[in-house]
Amino acid sequence: MQTKFSVEIGKLKLNNPVLAASGTFGYAEEFKDFMDLRKLGAIVTKTLTLKPRQGNPAPRTCETPAGLLNSIGLENPGLEIFIQDKLPFLKKIGIPIIMSIASEEESLEFLELVSRINLIKEVVAVELNISCPNVQGRSNLISQDAESTYKIVQEVRKITDKVLITKLSPNVTSIGAIAEAAEKAGSDAVALINTLGGMSIDVEQRKPKVAAGIAGLSGPAIRPVAVRMVWEVFNKVKIPIIGMGGIMDVSSALEFIIAGATAVSIGTANFINPKISAEIVSGLKEYLTRNKIADIQDLTGSLKICSQR
Amino acid sequence: MKNFQLKAKILAQTRIKDNYWRCELSAPQIAKNALAGQFINIRVNDGLDPLLRRPLSIHGARGSKIKIFYKVVGKATEILAQKKVGEMLDILGPLGSGFTYPQPAARRSPPPILVAGGMGVAPLIFLAEKLRGVKTTVLIGAKTKGQLLCAWEFKKSGCAVKIATDDGSSGFKGRVSDLLKNLLSASGPSSQPIYACGPKPMLRAVADIANVCGIPAQLSLEEHMSCGIGACLGCVVRTKDGLKRVCKEGPVFLAKDLIW
């Protein structure tokens, strides 16, 4: 039986539904010794801003039960140096590149970034990171407010034909409402979840273990929250969902797909096993064959709800 | 330099004393390529606790084998110490930049001084081995005589060993950085390169001494790492040239470049 393994995110066709999540895969070069990068469906870059950003003071990460707290603070070399130093390697791989971008000055910077990215033909999609919890001086994230989300997505939509993905924060009351706003504003897809706000304390010193204090939690600890949110969003919007949050293996990737994700992103697991994405790709194929599923897209949102007695 | 992920068989696992262990692994690709100062990143089990790998210095490499030297300080090292000969460990390496040292053919440079504090002996033993044939001096610091590590191994590599203990139970009474200062002031103007590894306050003191004397010093830093391969940007330090990743551009940095 021929199984169909490719998926569509807007007009973007991916050979398989497994992506490397932003911020956990550097600019891909860091992983070249450990896996065949062409096995990935797409690579989402570490978030870029217009100007270089130094990020937050160290210590920036700390391990928690089945999780990882981080407050990197969007350290990145800025768009120009990215284009000069990092993009050439990414282009050579030959799989779709999705550029994650964030703004320090709200919409103006997003628009400037996107107008520059419009000129890079190898970048097929833009992920709007409006959900990074680690940027100082911003108490509210854009993605914590449906109206702000709508506004920024709509503005960006007006100026680009690239596939537009909106990355959502789990630190909200109703993620479905935010996803709806992104869809209404013309986003081609939503990616969720970004990290969950968290904190860990060194009790001897009475100091936070991550210098910034509040940080973002990732890893298997947040997976049930992420799967639930994918399910909620799946029931609210029609655009594809890129699901993520603590995927460690094939079975956890499948949870997201069954809950409604068209594609999945691998994040923290890359730190633990740098070739995990390739292993998940072959594991998913094996699952489809074993269960005689002809098209991976048939699995998306195929959750069987327990009938009420 | 190319990195590898491999399943390494444990060939030997020896308790040196107290909580200190030495472990020998079969890791041909890593052994062949390893530089002193580089490290491996170990996954001690397949479960979620601990979730992340743990970085450990390469303590030696010969033929197809590498050695690590570790102290049991938490859950991950506890699990590691329970591993038996014949079990496999998932490791990444050789990671990081390593020390820069003269190759055997070009050893006309002044003899180096190694400064080790506590577990800082781990990578410096490997360096001493690489420097065999050079009149290396090693200064080892510990809290007490009982906590001194690897003095015999350094001697075996042909190093002259000097000791500093906080309580004076062996050698110089005081900090190993003060022992270094005394040594340098006794020998007059020196251009002996310094290689150091140990706790941060010790490294900072060594850096200050080296910078004042205008001596090149290479320091091996330790930081919490989440990935060990340069992806997460968690382990950065401040340098004159901006932030650098301890796991990638480091763990070895020049003292004159660091901002403390």
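The analysis underlying the following values was restricted to heavy atoms, covering all of them including side chains, and did not include hydrogens, waters or symmetry mates. In what follows, chains carry the letters A, B, and so on, assigned in the order in which the sequence lines appear, proteins first and then strands, with residues in each chain numbered from 1.
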Proximal component of A/I72, with respect to chain B [non-hydrogen, under 4.5 Å]: side chain
More than 12 heavy atoms from other groups under 6.0 Å of NZ on B/K65: no
Most contacts with chain B, counted as non-hydrogen pairs under 4.5 angstrom, among A/T24, A/L68, A/D33: A/D33
Is atom CD of A/E286 surrounded by more than 12 heavy atoms (other residues, nucleotides or ligands) closer than 6.0 Å? yes
Name, in order of residue number, those residues of residues 225-253 of chain B that have a heavy atom at a distance of less than 4.5 Å from a heavy atom in chain A; otherwise write 'none'. B/S226, B/C227, B/I229, B/G230, B/A231, B/C232, B/L233, B/G234, B/V236, B/L243, B/R245
Non-hydrogen atoms of chain B under 4.5 Å away: do they reach the side chain of A/F31, the backbone, both or neither? side chain
Residue by residue, scan residues 43-60 of chain B and write down, ordered by number, those that have a heavy-atom distance under 4.5 Å to chain A; if none do, write 'none'. B/R43, B/L48, B/P50, B/L51, B/L52, B/R53, B/R54
In terms of heavy-atom pairs under 4.5 Å with chain B, the winner among A/A66, A/P59, A/G55 is A/A66
Per-residue contacts, residues 1-10 of chain B versus chain A, heavy atoms under 4.5 Å: B/M1, B/K2, B/N3, B/F4, B/Q5
Which atoms of A/K46 come close to chain B, meaning under 4.5 Å heavy atom to heavy atom: side chain ones, backbone ones, both, or neither? side chain
Engaged part of A/M35 at the chain B interface, taking heavy atoms whose separation is under 4.5 Å: neither
Counting heavy atoms not belonging to A/K39, are there more than 12 under 6.0 Å from its NZ? no
Scan for side chain to side chain donor-acceptor pair (under 3.5 Å) pairs involving residues 209-230 of chain A, sequence neighbours excluded, and state none if there are none. A/S218-A/T268, A/R228-A/E232
Does atom CD1 of A/I214 have more than 12 heavy-atom neighbours, drawn from other residues, nucleotides or ligands, at distances under 6.0 Å? no
Would one find more than 12 heavy atoms of other residues, nucleotides or ligands at under 6.0 Å from atom CD of B/E223? yes
Winner by heavy-atom pair count (cut-off under 4.5 Å) against chain A, out of B/L92, B/D90, B/N41: B/L92
